[in-house]
Amino acid sequence: MKCIHNIVVCLCFLSIIIVSCGKQTNIEPNILDIRQVCKLATLECYYHNLIEVKNASGLKQWIDYESRVKLGIDVSSIDIKVNNTKVTVYIPNSKIIGEPKITIPSIDVLTEKPGFFGGLFKSPISKENQVEAVSKANENCKKTVQENQQLMQNAQNRAMKIIENYISQIGEMTGKQYQIEWKFIKSEE
Amino acid sequence: MGNFIKNIIITVTALIIIVLVMINIVFPTIRWIGNKGKISVTSKASLEKILTVNELQTIECVYNSYVIVYKGIDYEETLSEDATDDEIKITTKKDEQYAISYRGYVTAGIDESPTVTINDKAVYINIPDAKILDCYVVPDPNTMKFLYLQNKYKKQTDLKKDLNICTNDLRSKVQDNKDILALANQNAINAIKALCMPLKNHSSYKFVIAGETL
């Protein structure tokens, strides 16, 4: 009887130890939650742009168009390491997600009017020129967004703020004060 | 006999502890019952604090475009800050002189904090409508190009006047641009969803953000 009693008391203590250890690890920042919140951090931007097209004779045309571009970070590349209260977040640079979408009805074309004498030496801009220009506009849109450091940085900051908020909320729930260290991963693209 | 009863009491108490501990291991979130279902006034205040991360609730858009300058308009006078669309459209196509291209930026988003209402089972977050908060044209002559629409017209560069014309054009174009406002609204909703996600995952409350359940 004494033996059973001792075993039960030992089990009881063992369980309490297991649970008190478990309490520390039950809720802590995890990669699945971070990926979930980062998906929502994607920034959809409105982009209005103007490109100049010139045909072989030097006649100029401006094409004004609008598009939508999604900027964000590749959630599959994000990783975290939690070491007690230190959280290291491995984060890639923001990039364009998918292809920019040009809204076709928004395309507006303005052609230079060289006047009678000027016009003698300049051929009108053909349909082919315009089709080429629209395709150029598409490429141009992607390039100009990629080169726009401010837009890309805004998307990156947005993702970082949201991750930071997530970690600090988990900290508040568990009574921990996490320190975040950011490690930037170089994008393969 | 006394020892026997003592042993039974200890054993039963220990077994109860073990059973409770096992339940706690199998259902770890049960520990949060105390917090779950009770988003207190303090939590409401902290929720409101979380939602005031303003930079997440605005977007900056690039708006590069052009404006046509017409003959016979005193742009200094008519294209003041109060100029209406009708004043801008009073001219006909034959009066077109030249066009100026410009590089502009528009900031749109929410300038008020979302409102939070909490009842027994749900947290409701209402998001105010997005607005155009700011727009400006980059005052750099290198980014402003000209396209002549009448051969006889020779443009004398006047940066201040051109900038005024471009700024007013940008302002009138973005004022009622529903696409920009819709995107600004959607981005703000997504940011708020992301900010509320950890709370939602660790409470029994339902989160309803701008009418959508998270």
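First the proteins, then the strands, lettered A, B, ... as listed; each starts at 1. Atoms considered below: every heavy atom in the structure, side chains included; atoms not considered: hydrogens, waters and symmetry mates.
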Quiz prompt | Between T167(B) and Y102(B), a side-chain donor and acceptor under 3.5 Å | solution = no
Exercise. Assign the ring pair Y46(A) / H48(A) to parallel, tilted or perpendicular, where the plane angle (0 to 90°) is split at 30° and 60°.
Key: tilted
Quiz item: Any residues in residues 75-90 of chain A near chain B, with a heavy-atom distance under 4.5 Å, and which are they?
Solution: none
Quiz item: Do P100(A) and V145(A) touch side chain to side chain, with heavy atoms closer than 4.5 Å?
Solution: no
Quiz item: Mind checking whether Y66(B) and L147(B) have side chains closer than 4.5 Å, heavy atoms only?
Solution: no
Quiz item: Based on non-hydrogen pairs under 4.5 Å, which of I180(B), I189(B), V106(B) is most in contact with chain A?
Solution: I180(B)
Practice problem: Write down the atom of E181(A), the atom of K183(A), and the distance for their closest heavy-atom approach. | Solution: OE2-CE, 3.3 Å
Exercise. Pick one of side chain, backbone, both or neither for K173(B), based on which atoms fall under 4.5 Å of a heavy atom in chain A.
Key: neither
Quiz item: Is it the side chain or the backbone of N201(B) that comes within 4.5 Å of chain A heavy atoms, both, or neither?
Solution: side chain
Quiz item: Got a sec, which residues hit side chain to side chain contact (heavy atoms under 4.5 Å, CB included) with K70(A), two or more places apart in sequence or on another chain?
Solution: T42(A), E44(A), I97(A)
Quiz item: Under 4.5 Å, heavy atom to heavy atom, which residues of residues 127-138 of chain B contact chain A?
Solution: none
Practice problem: Verify, without hydrogens or angle tests, whether Q57(B) (side chain) and G109(B) (backbone) share a donor-acceptor contact under 3.5 angstrom. | Solution: no
Quiz item: Can you tell which of Q186(B), R103(B), M197(B) has the highest number of heavy-atom pairs within less than 4.5 Å of chain A?
Solution: M197(B)
Under 3.5 Å, which donor-acceptor pairs link side chains of residues 206-214 of chain B to any protein atom two or more places apart or in another chain?
unit_1: E212(B); atom_1: OE1; unit_2: K193(B); atom_2: NZ; d: 2.8

